[in-house]
Every structure is written in structure tokens, then in C-alpha cells.
**Q** 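Quick one: the structure is below, and I'll ask about it shortly.
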Amino acid sequence: MICILIYVQFPSLPIFTEWKYLVHAVKKCKPLLKVIPIKWIKPSDGSLKLNTNGCGKRNPRLAGGGGCLRNQYGDLIMANSTFFGSYINDMADARAILVGLIWCIDNGYKEVEIESDPLIIINAINNQAGTP
């Protein structure tokens, strides 16, 4: 049974009938390591940066989001996470941005740069596309 489960996960490995052959094959395997450096880019002088993300368990299903606000030195000003209820992923991303911006406005922060990953939401905010 274990050999079948391994074959399902790693179809390039042949099915082994004896453990010693499986152990020998696994010892020869080399893990694929892919490193992608990611760097936080500081905001312009005098600005703050709001990084946000939203997510959903399924589309549409339970969703949430959050973000953090940092100054140009990387010092944390605020961080939040919020449960949104039933949303699709793009709307959870948009809601995470909205929650962060409302917090910034309520606390007197006006010079804020937003960094988030859903291009469709960013383009809509920048008037480069219609709303999703």
C-alpha cells in the first residue's frame, strides 16, 4: 500500500515490491531546491507602506485577510487580520486593502503606498481596468 501511495505522489519512481529496492531508490533521489529571493521595498521618504493579502478557503467560501503598515525604516506601525465571511479570493484581497486603508485614514496616515498581489484589484484601484 505504501508503495502505491509513493507512486501516486512520485510517478517517475518505479513501483518496488521490496523495501530494500525502495530505500535504495530514495537514497539516490536528490531534492529539487528552488530559491526565490523576496525583498521588501521601502516606501518613499515621508510615506508608509501598507502590505495586504486576502485569501479564501474555496471560491466563494470562508475568507479573511490582513496586512501590515510599516515606515521607511521597516518599523511596524500596525498589523491586522480579519475574518470576512463568504467571499471570492479577489474580493477578499480588495477587502484586505480596504480594511487597511480605513485604519490608516482613521489614524491620520495620509501618505500611504499600497502593495498587494492581485493585479486585477491593483489595476482597478489605479483606474487601469474596470472593477472585478
Side-chain angles (χ1 to χ4, degrees):
M1 181 66 162
I2 291 178
C3 290
I4 293 171
L5 292 173
I6 291 171
Y7 177 73
V8 169
Q9 187 67 31
F10 305 100
S12 61
L13 286 177
I15 295 179
F16 297 98
T17 55
E18 293 185 36
W19 277 104
K20 64 181 178 181
Y21 298 121
L22 176 61
V23 170
H24 178 69
V26 169
K27 284 182 179 179
K28 291 187 342 183
C29 291
K30 298 199 186 311
L32 175 63
L33 181 63
K34 185 176 182 180
V35 177
I36 301 172
I38 299 174
K39 180 180 177 185
W40 180 77
I41 300 170
K42 70 178 187 170
S44 309
D45 289 345
S47 293
L48 300 174
K49 181 171 275 188
L50 176 66
N51 293 89
T52 65
N53 199 9
C55 64
K57 200 167 186 171
R58 293 185 187 130
N59 253 346
R61 293 291 176 170
L62 300 179
C68 65
L69 184 69
R70 294 183 183 273
N71 64 16
Q72 66 195 36
Y73 305 107
D75 299 327
L76 184 65
I77 310 284
M78 175 279 296
N80 75 319
S81 66
T82 308
F83 173 70
F84 298 145
S86 183
Y87 276 79
I88 62 171
N89 287 336
D90 287 338
M91 295 313 295
D93 282 311
R95 182 94 187 253
I97 293 169
L98 179 63
V99 167
L101 285 176
I102 289 172
W103 189 92
C104 290
I105 291 167
D106 288 348
N107 289 278
Y109 297 111
K110 296 181 180 167
E111 296 295 323
V112 178
E113 298 175 17
I114 303 168
E115 189 171 81
S116 194
D117 60 350
L119 187 58
I120 191 168
I121 302 299
I122 301 303
N123 286 342
I125 290 171
N126 291 327
N127 290 320
Q128 296 173 352
T131 56

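Every value quoted in this text rests on a predicted model; they were computed, and no experiment measured them.
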**Q** State which residues pass side-chain contact (heavy atoms from CB on, under 4.5 Å) with Ala94; sequence neighbours excluded, sorted by chain then number.
**A**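 For Ala94, the residues satisfying side-chain contact (heavy atoms from CB on, under 4.5 Å) (neighbours in sequence not counted) are Ile121.
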
**Q** A quick test of your reading: do over 12 heavy atoms of other residues, nucleotides or ligands sit less than 6.0 Å from CG of Leu76?
**A**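 Yes - once you tally the heavy atoms of other residues, nucleotides and ligands closer than 6.0 Å, there are more than 12.
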
**Q** Search all heavy atoms of Gly56 against all heavy atoms of Asn89 and return the closest pair with its distance.
**A**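 Result for this residue pair: N-OD1, 2.9 Å.
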
**Q** Can you tell me if Glu111 uses its side chain to pair, donor with acceptor, with the backbone of Leu48 under 3.5 Å?
**A**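 Checking the backbone N and O of Leu48 against the side chain of Glu111, no donor-acceptor pair under 3.5 Å is found.
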
**Q** Could you identify which residues cluster with Ile102, counting Ile, Leu, Val, Met, Phe, Trp and Tyr as linked when any side-chain heavy atoms lie under 4.5 Å apart, either directly or through a chain of such contacts?
**A**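 Besides Ile102, the hydrophobic cluster comprises Leu98, listed by chain and residue number.
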
**Q** Under the salt bridge (charged side-chain N to carboxylate O under 4.0 Å, His left out) rule, what pairs show up with a residue in residues 35-47, not counting sequence neighbours?
**A**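 The answer is none; no pair qualifies.
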
**Q** Please report the shortest heavy-atom distance between Ala96 and Gly65, naming the atom on each side.
**A**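 Heavy-atom minimum between the residues: CB-CA, 4.2 Å.
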
**Q** Treating Ser116 as the side-chain partner and Thr52 as the backbone partner, does any N or O pair qualify as donor plus acceptor under 3.5 Å?
**A**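 Flag set: sc Ser116 to bb Thr52 pair under 3.5 Å.
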
**Q** So which residues get pulled into Leu62's cluster when ILVMFWY side chains under 4.5 Å apart are joined, directly or through others?
**A**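 So far as hydrophobic clustering goes, Leu62 is joined with Phe83.
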
**Q** Can you confirm whether Trp103 sits close enough to Asn80 that some side-chain heavy atom of one is under 4.5 Å from a side-chain heavy atom of the other?
**A**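 Heavy-atom side-chain distance check fails, nothing below 4.5 Å.
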
**Q** What residue among Asn71, Leu69, Leu101 forms side chain to side chain contact (heavy atoms under 4.5 Å, CB included) with Tyr109?
**A**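 Single pass found, and it is Leu69.
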
**Q** If you look at every heavy atom in Val35 and Pro37, which pair is closest and at what distance?
**A**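 Closest pair (atom of Val35, atom of Pro37, distance): O-CD, 3.7 Å.
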
**Q** What is the minimum heavy-atom distance between Tyr87 and Ala63, and which atoms define it?
**A**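 Taking Tyr87 first and Ala63 second, the nearest heavy atoms are CB-CB, 3.7 Å.
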
**Q** Applying salt bridge (charged side-chain N to carboxylate O under 4.0 Å, His left out), which residue pairs with at least one partner in residues 59-80 are found, sequence neighbours left out?
**A**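 Listed by first then second residue: nothing to list.
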
**Q** Restricting to pairs with a member in residues 114-123, which pass salt bridge (charged side-chain N to carboxylate O under 4.0 Å, His left out), not counting sequence neighbours?
**A**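 Pairs touching residues 114-123 that pass the test: Lys49-Glu115.
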
